[in-house]
Undergrad: 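What follows is a single structure, and I will ask about it in a moment.
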Amino acid sequence: MFNLIFGILFLVLGLITLFLRLFKSSKGMKKLDKFKEFYGEKAGTIIHIISYTVVPIVIGIILIVASCMGIAIFE
């Protein structure tokens, strides 16, 4: 049951950041500015996309599929 709950939470987090990135022009993403300052414009944006959008979506999908298959990761 925890797999499904965490999977949905991770998926929603990734989709929210994707939505904000696409439709709100990155307003409200405080860490994006820090990433850009530290790593530069392009690298900071790529690192932020991977860590706050791609990884949560992938983890969410994996946990949801594991839950459907009956594989317990957190239990």
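Being a predicted model, the structure only gives us computed values, none of them experimental.
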Undergrad: Flag yes if Ile16 and Leu32 sit in one hydrophobic cluster, no otherwise; membership is Ile, Leu, Val, Met, Phe, Trp, Tyr, and two members link when side-chain heavy atoms are under 4.5 Å apart.
TA: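 Same cluster: Ile16 reaches Leu32 through Ile, Leu, Val, Met, Phe, Trp or Tyr contacts under 4.5 Å.
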Undergrad: Nearest 0.5 Å, please: how far is OG1 in Thr17 from CG in Leu22?
TA: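 Here the rounded value is 9.5 Å.
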Undergrad: Same cluster for Ile62 and Met69 if Ile/Leu/Val/Met/Phe/Trp/Tyr side chains link at under 4.5 Å?
TA: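 Different clusters: Ile62 never reaches Met69 through Ile, Leu, Val, Met, Phe, Trp or Tyr contacts under 4.5 Å.
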Undergrad: Working to the nearest 0.5 Å, report the span between OG of Ser51 and CD1 of Ile46.
TA: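 Here the rounded value is 11.5 Å.
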Undergrad: What's the shortest heavy-atom distance between Gly14 and Thr53, and which atoms?
TA: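 Closest heavy-atom pair between Gly14 and Thr53: O-CG2, 3.8 Å.
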Undergrad: With rounding to the nearest 0.5 angstrom, report the CZ to CD1 distance, Phe38 to Ile47.
TA: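 Rounded to the nearest 0.5 Å, the CZ-CD1 separation comes out at 9.0 Å.
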Undergrad: Which heavy atom in Leu63 sits nearest to a heavy atom in Gly7, and how many Å separate them?
TA: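 In this case the closest contact between Leu63 and Gly7 is CB-CA, 3.6 Å.
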Undergrad: With side chain to side chain contact (heavy atoms under 4.5 Å, CB included) as the test, pick out the partner of Ile61 among Val65, Ile59, Ile64.
TA: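 One option only clears the test, and that one is Val65.
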Undergrad: Do Phe10 and Ile57 touch side chain to side chain, with heavy atoms closer than 4.5 Å?
TA: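 Sidechains of Ile57 and Phe10: no contact.
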Undergrad: Can you tell me how far CG of Asn3 sits from OG of Ser67, rounded to the nearest 0.5 angstrom?
TA: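 Going from OG on Ser67 over to CG on Asn3, the span is 5.5 Å.
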Undergrad: Give the ring-plane orientation class for Phe23 versus Phe19, where under 30° counts as parallel, over 60° as perpendicular and anything between as tilted.
TA: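 Geometry flag for Phe19 against Phe23: tilted rings.
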Undergrad: Can you tell me how far CG of Leu15 sits from CD1 of Ile8, rounded to the nearest 0.5 angstrom?
TA: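 It is 11.5 Å, given to the nearest 0.5 Å.
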Undergrad: Quick one: NE2 on His48 to CZ on Arg21, what's the gap to the nearest 0.5 Å?
TA: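 Taking NE2 in His48 and CZ in Arg21, the distance rounds to 6.0 Å.
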Undergrad: Hydrophobic cluster membership, with links at side-chain heavy-atom distances under 4.5 Å among I/L/V/M/F/W/Y: are Tyr52 and Tyr39 in one?
TA: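 Yes.
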Undergrad: Are Val55 and Ile73 connected, step by step, through hydrophobic side chains (Ile, Leu, Val, Met, Phe, Trp, Tyr) whose heavy atoms are closer than 4.5 Å?
TA: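 Same cluster: Val55 reaches Ile73 through Ile, Leu, Val, Met, Phe, Trp or Tyr contacts under 4.5 Å.
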Undergrad: Please check if Ile49 and Val58 belong to a single hydrophobic cluster, counting links between Ile, Leu, Val, Met, Phe, Trp and Tyr side chain heavy atoms closer than 4.5 Å.
TA: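 Yes, one cluster joins them.
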